[in-house]
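Numbering of residues begins at 1 and proceeds along the displayed sequence. Quantities reported herein were computed from a predicted structural model and do not represent experimental measurements.
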Amino acid sequence: EVVAVHPNYIVVEKGFFFPTDYYIPTSAISTYEGDKVYLTVSKDEALNQGWDVVPTETAYEDTVGVAPVAPATTDVYAADVDETADTYATDVDRTAAVADSDTLRIPVHEEELTATKRPRQIGEVAIEKDVVTEEKVMEVPVTEERVRVERHVVDRDATGDANAFEEGTIEVPISGEEVAVQKNVRVTEEVEIDKEAVQRTEEVAGTVRREEVRVDETGVDVDPNRR
(Lines give C-alpha, C1' and ligand atoms only; values in the text may rest on other atoms or scores of the structure.)
Protein backbone atom coordinates (compact mmCIF):
# COMPACT_ATOMS: atom_id res chain seq x y z
CA GLU A 1 0.00 0.00 0.00
CA VAL A 2 1.17 3.52 -0.83
CA VAL A 3 1.26 5.48 2.42
CA ALA A 4 2.89 8.70 1.16
CA VAL A 5 3.43 10.46 -2.19
CA HIS A 6 6.36 12.82 -2.76
CA PRO A 7 7.30 14.79 -5.90
CA ASN A 8 9.98 12.27 -6.95
CA TYR A 9 9.09 9.05 -5.13
CA ILE A 10 6.33 7.16 -3.36
CA VAL A 11 6.52 5.37 -0.02
CA VAL A 12 5.27 1.78 -0.14
CA GLU A 13 4.41 0.18 3.19
CA LYS A 14 5.59 -3.32 4.08
CA GLY A 15 3.28 -5.82 2.41
CA PHE A 16 3.02 -8.86 0.16
CA PHE A 17 5.97 -8.06 -2.10
CA PHE A 18 8.17 -5.95 0.13
CA PRO A 19 9.62 -7.16 3.46
CA THR A 20 10.13 -3.56 4.62
CA ASP A 21 9.08 -0.05 3.63
CA TYR A 22 10.35 0.98 0.18
CA TYR A 23 10.85 4.41 -1.41
CA ILE A 24 10.19 3.82 -5.10
CA PRO A 25 11.08 6.60 -7.59
CA THR A 26 8.27 7.76 -9.82
CA SER A 27 10.38 6.85 -12.87
CA ALA A 28 9.85 3.18 -11.93
CA ILE A 29 6.08 3.52 -12.24
CA SER A 30 4.73 2.17 -15.50
CA THR A 31 1.08 3.09 -15.10
CA TYR A 32 -1.78 3.02 -12.67
CA GLU A 33 -5.32 1.78 -12.94
CA GLY A 34 -7.97 2.57 -10.35
CA ASP A 35 -6.35 1.83 -6.99
CA LYS A 36 -3.46 -0.22 -8.49
CA VAL A 37 0.01 1.01 -9.44
CA TYR A 38 2.17 -1.06 -11.82
CA LEU A 39 5.97 -0.85 -11.87
CA THR A 40 8.37 -1.14 -14.78
CA VAL A 41 10.58 -3.57 -12.86
CA SER A 42 10.03 -7.07 -11.55
CA LYS A 43 9.67 -7.92 -7.89
CA ASP A 44 13.27 -9.16 -7.55
CA GLU A 45 14.63 -6.10 -9.32
CA ALA A 46 12.63 -3.82 -7.04
CA LEU A 47 14.02 -5.56 -3.97
CA ASN A 48 17.63 -5.09 -5.13
CA GLN A 49 17.54 -1.42 -6.15
CA GLY A 50 18.41 -0.04 -2.72
CA TRP A 51 14.99 1.59 -2.44
CA ASP A 52 14.63 0.50 1.20
CA VAL A 53 16.69 3.53 2.31
CA VAL A 54 15.04 6.90 2.82
CA PRO A 55 16.23 9.07 -0.11
CA THR A 56 18.06 12.36 0.41
CA GLU A 57 16.71 15.60 -0.97
CA THR A 58 18.77 15.24 -4.20
CA ALA A 59 18.58 11.46 -4.56
CA TYR A 60 15.85 11.51 -7.20
CA GLU A 61 16.45 14.87 -8.88
CA ASP A 62 16.84 13.22 -12.27
CA THR A 63 13.59 11.28 -11.96
CA VAL A 64 11.28 11.52 -14.93
CA GLY A 65 7.90 12.96 -13.98
CA VAL A 66 4.85 10.73 -14.27
CA ALA A 67 1.14 11.11 -13.79
CA PRO A 68 -0.11 11.61 -10.21
CA VAL A 69 -0.30 8.51 -8.09
CA ALA A 70 -3.56 7.25 -6.64
CA PRO A 71 -4.30 8.07 -2.96
CA ALA A 72 -2.99 6.16 0.05
CA THR A 73 -3.94 2.46 0.41
CA THR A 74 -3.14 1.97 -3.30
CA ASP A 75 -1.89 -1.54 -4.08
CA VAL A 76 1.52 -1.72 -5.80
CA TYR A 77 2.17 -4.50 -8.31
CA ALA A 78 5.58 -5.57 -9.61
CA ALA A 79 5.98 -6.12 -13.33
CA ASP A 80 5.60 -9.90 -13.04
CA VAL A 81 1.99 -9.67 -11.79
CA ASP A 82 -0.68 -11.49 -13.76
CA GLU A 83 -2.99 -8.51 -14.30
CA THR A 84 -5.88 -10.58 -15.62
CA ALA A 85 -5.97 -13.09 -12.78
CA ASP A 86 -4.91 -10.57 -10.10
CA THR A 87 -2.35 -13.06 -8.78
CA TYR A 88 1.22 -12.51 -7.62
CA ALA A 89 4.42 -14.12 -8.88
CA THR A 90 6.22 -15.19 -5.70
CA ASP A 91 8.64 -17.84 -6.90
CA VAL A 92 12.01 -17.21 -8.45
CA ASP A 93 12.32 -18.38 -12.07
CA ARG A 94 14.62 -21.32 -11.52
CA THR A 95 15.23 -21.70 -15.25
CA ALA A 96 16.64 -18.20 -15.73
CA ALA A 97 20.22 -18.14 -16.84
CA VAL A 98 22.49 -16.15 -14.56
CA ALA A 99 25.77 -14.72 -15.79
CA ASP A 100 28.94 -15.42 -13.85
CA SER A 101 29.17 -11.79 -12.73
CA ASP A 102 25.55 -11.63 -11.52
CA THR A 103 24.29 -12.49 -8.06
CA LEU A 104 20.93 -14.20 -7.68
CA ARG A 105 19.31 -13.52 -4.33
CA ILE A 106 16.61 -15.98 -3.32
CA PRO A 107 14.53 -14.86 -0.35
CA VAL A 108 13.74 -17.64 2.13
CA HIS A 109 10.56 -17.08 4.10
CA GLU A 110 9.42 -18.30 7.47
CA GLU A 111 6.20 -17.75 9.37
CA GLU A 112 6.13 -16.64 12.98
CA LEU A 113 3.36 -16.76 15.54
CA THR A 114 1.90 -13.61 17.04
CA ALA A 115 -0.75 -13.49 19.73
CA THR A 116 -3.56 -11.00 20.20
CA LYS A 117 -5.80 -10.60 23.22
CA ARG A 118 -9.44 -9.57 23.37
CA PRO A 119 -11.74 -9.30 26.38
CA ARG A 120 -14.54 -11.82 26.82
CA GLN A 121 -16.87 -12.88 29.62
CA ILE A 122 -15.64 -16.03 31.36
CA GLY A 123 -18.38 -16.33 33.96
CA GLU A 124 -20.47 -14.49 36.49
CA VAL A 125 -21.02 -14.37 40.24
CA ALA A 126 -24.63 -14.47 41.51
CA ILE A 127 -25.47 -12.83 44.84
CA GLU A 128 -28.87 -13.75 46.27
CA LYS A 129 -30.88 -12.33 49.18
CA ASP A 130 -33.46 -14.35 51.11
CA VAL A 131 -36.12 -12.98 53.45
CA VAL A 132 -36.23 -14.93 56.74
CA THR A 133 -39.14 -14.55 59.20
CA GLU A 134 -38.60 -15.08 62.92
CA GLU A 135 -40.43 -14.37 66.18
CA LYS A 136 -38.89 -11.77 68.45
CA VAL A 137 -39.89 -11.09 72.09
CA MET A 138 -39.42 -7.71 73.80
CA GLU A 139 -40.01 -6.77 77.43
CA VAL A 140 -41.65 -3.35 77.73
CA PRO A 141 -42.37 -1.75 81.14
CA VAL A 142 -45.94 -0.36 81.42
CA THR A 143 -47.66 1.70 84.13
CA GLU A 144 -51.24 1.21 85.33
CA GLU A 145 -53.34 2.43 88.25
CA ARG A 146 -54.52 0.24 91.10
CA VAL A 147 -57.34 1.05 93.59
CA ARG A 148 -56.55 1.01 97.25
CA VAL A 149 -59.49 1.29 99.73
CA GLU A 150 -58.89 2.42 103.32
CA ARG A 151 -61.42 3.02 106.05
CA HIS A 152 -60.91 5.52 108.84
CA VAL A 153 -63.08 5.83 112.03
CA VAL A 154 -64.50 9.38 112.42
CA ASP A 155 -67.06 10.97 114.77
CA ARG A 156 -68.76 14.19 113.53
CA ASP A 157 -72.17 15.54 112.67
CA ALA A 158 -73.46 14.96 109.12
CA THR A 159 -74.89 18.41 108.77
CA GLY A 160 -75.23 19.78 105.26
CA ASP A 161 -74.61 16.37 103.63
CA ALA A 162 -77.14 16.18 100.77
CA ASN A 163 -76.25 12.61 99.89
CA ALA A 164 -77.14 11.16 103.29
CA PHE A 165 -79.13 7.98 103.06
CA GLU A 166 -79.08 7.88 99.26
CA GLU A 167 -78.27 4.71 97.42
CA GLY A 168 -76.03 4.75 94.38
CA THR A 169 -72.78 3.71 92.75
CA ILE A 170 -69.63 5.78 92.57
CA GLU A 171 -67.41 4.93 89.56
CA VAL A 172 -63.71 5.65 89.85
CA PRO A 173 -61.79 5.47 86.48
CA ILE A 174 -58.53 3.52 86.53
CA SER A 175 -55.85 4.31 83.90
CA GLY A 176 -53.09 2.12 82.49
CA GLU A 177 -50.66 1.86 79.54
CA GLU A 178 -50.94 -0.55 76.64
CA VAL A 179 -48.13 -1.60 74.27
CA ALA A 180 -48.36 -1.11 70.49
CA VAL A 181 -45.86 -2.95 68.27
CA GLN A 182 -44.27 -1.06 65.38
CA LYS A 183 -41.65 -2.20 62.87
CA ASN A 184 -38.88 -0.02 61.43
CA VAL A 185 -36.49 -1.02 58.64
CA ARG A 186 -32.82 -0.50 59.49
CA VAL A 187 -29.57 -1.23 57.60
CA THR A 188 -27.47 -3.60 59.72
CA GLU A 189 -24.85 -4.79 57.21
CA GLU A 190 -23.32 -3.99 53.81
CA VAL A 191 -21.84 -6.43 51.30
CA GLU A 192 -19.08 -4.85 49.18
CA ILE A 193 -18.09 -6.46 45.87
CA ASP A 194 -14.80 -5.63 44.13
CA LYS A 195 -13.19 -6.99 40.97
CA GLU A 196 -9.44 -7.22 40.43
CA ALA A 197 -7.47 -8.26 37.36
CA VAL A 198 -5.28 -11.29 37.93
CA GLN A 199 -2.71 -12.13 35.27
CA ARG A 200 -1.89 -15.67 34.26
CA THR A 201 0.07 -17.28 31.44
CA GLU A 202 -1.74 -19.25 28.76
CA GLU A 203 -0.03 -21.34 26.10
CA VAL A 204 -1.13 -21.03 22.49
CA ALA A 205 0.06 -23.19 19.64
CA GLY A 206 -0.17 -22.99 15.89
CA THR A 207 1.31 -24.50 12.76
CA VAL A 208 3.83 -22.32 10.93
CA ARG A 209 5.59 -22.82 7.63
CA ARG A 210 9.15 -22.10 6.58
CA GLU A 211 11.06 -22.49 3.39
CA GLU A 212 14.16 -24.63 2.93
CA VAL A 213 16.57 -24.26 0.03
CA ARG A 214 18.11 -27.29 -1.63
CA VAL A 215 20.85 -26.94 -4.23
CA ASP A 216 20.82 -29.59 -6.92
CA GLU A 217 24.23 -29.69 -8.59
CA THR A 218 23.32 -32.52 -10.94
CA GLY A 219 24.53 -31.69 -14.42
CA VAL A 220 27.13 -29.23 -13.17
CA ASP A 221 30.58 -30.01 -14.53
CA VAL A 222 32.68 -29.85 -11.38
CA ASP A 223 36.48 -30.12 -11.54
CA PRO A 224 37.38 -33.07 -9.23
CA ASN A 225 40.75 -31.42 -8.47
CA ARG A 226 39.13 -28.23 -7.24
CA ARG A 227 38.84 -27.83 -3.49
Side-chain angles (χ1 to χ4, degrees), residues 1-7 9-24 32 34-37 43 46-47 51-57 68-78 81 86-88 90-91 107-148 171-213:
E1 291 183 350
V2 176
V3 296
V5 178
H6 296 272
Y9 65 93
I10 61 175
V11 181
V12 180
E13 192 177 37
K14 176 181 178 181
F16 188 88
F17 280 129
F18 307 109
T20 183
D21 292 350
Y22 273 69
Y23 307 86
I24 300 177
Y32 71 94
D35 59 351
K36 300 175 183 178
V37 173
K43 175 190 64 177
L47 292 174
W51 292 339
D52 56 342
V53 179
V54 180
T56 60
E57 295 181 358
V69 180
T73 71
T74 298
D75 293 332
V76 177
Y77 288 67
V81 172
D86 225 14
T87 58
Y88 303 88
T90 59
D91 296 331
V108 179
H109 304 87
E110 181 176 339
E111 293 179 332
E112 64 177 12
L113 288 180
T114 58
T116 59
K117 297 184 292 184
R118 64 179 183 273
R120 68 179 180 90
Q121 181 175 334
I122 61 174
E124 61 184 12
V125 176
I127 299 175
E128 299 180 356
K129 291 196 304 181
D130 295 329
V131 178
V132 180
T133 303
E134 62 179 358
E135 291 290 334
K136 209 165 191 178
V137 178
M138 296 178 59
E139 293 186 357
V140 181
V142 295
T143 303
E144 61 184 11
E145 296 177 338
R146 299 291 176 89
V147 176
R148 186 175 66 252
E171 294 181 352
V172 179
I174 300 174
S175 300
E177 295 176 337
E178 65 178 10
V179 179
V181 178
Q182 296 178 342
K183 293 186 289 185
N184 297 322
V185 179
R186 296 176 57 82
V187 178
T188 60
E189 186 181 359
E190 287 183 341
V191 178
E192 187 173 296
I193 302 173
D194 288 332
K195 293 194 301 182
E196 63 175 351
V198 179
Q199 198 170 61
R200 63 184 179 86
T201 302
E202 183 173 324
E203 291 186 353
V204 293
T207 302
V208 296
R209 299 172 298 174
R210 63 186 177 87
E211 297 176 342
E212 293 184 353
V213 177

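The main-chain N or O of Gly176 is never found under 3.5 Å from a side-chain atom of Glu145 such that the two would form a donor-acceptor pair. Looking only at distances, a side-chain donor or acceptor of Glu177 sits under 3.5 Å from a matching main-chain atom of Thr143. Within the 3.5 Å criterion, the main-chain N or O of Val3 finds no donor-acceptor partner in the side chain of Glu13.
Side-chain atoms of Asp21 and Val12, non-hydrogen and from C-beta on, never get closer than 4.5 Å to each other. Side-chain contact check for Ile24 versus Tyr9: every heavy-atom pair is 4.5 Å or farther apart. Considering only heavy atoms from C-beta on, Ile193 comes within 4.5 Å of Ile127 through its side chain. For the pair Arg146 and Ile174, the minimum side-chain heavy-atom distance is 4.5 Å or more. Counting heavy atoms from C-beta outward, Glu192 and Asp194 have side chains that approach closer than 4.5 Å.
For the pair Glu134 and Lys136, the salt-bridge criterion is not met [side-chain N within less than 4.0 Å of a carboxylate O].
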Exercise for the section: Run the numbers on Val208 and Leu113 for side chain to side chain contact (heavy atoms under 4.5 Å, CB included), then give the verdict. Expected result: CA-CA 7 Å; Val208 296; Leu113 288 180; 3.6 Å; yes

Practice task
Apply the test side chain to side chain contact (heavy atoms under 4.5 Å, CB included) to residues Leu47 and Tyr22: give CA-CA distance (whole Å), side-chain angles for both, the deciding distance (0.1 Å), then the verdict.
Solution key: CA-CA 9 Å; Leu47 292 174; Tyr22 273 69; 3.4 Å; yes

Practice task
Applying side chain to side chain contact (heavy atoms under 4.5 Å, CB included), run through Val2 and Val11 and close with a yes or a no.
Solution key: CA-CA 6 Å; Val2 176; Val11 181; over 6 Å; no

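Remark: His109 NE2 to Arg209 CZ distance equals 11.0 Å, nearest 0.5 Å. Note that CD of Glu111 and CD of Glu211 are 9.0 Å apart. Values are rounded to the nearest 0.5 Å.
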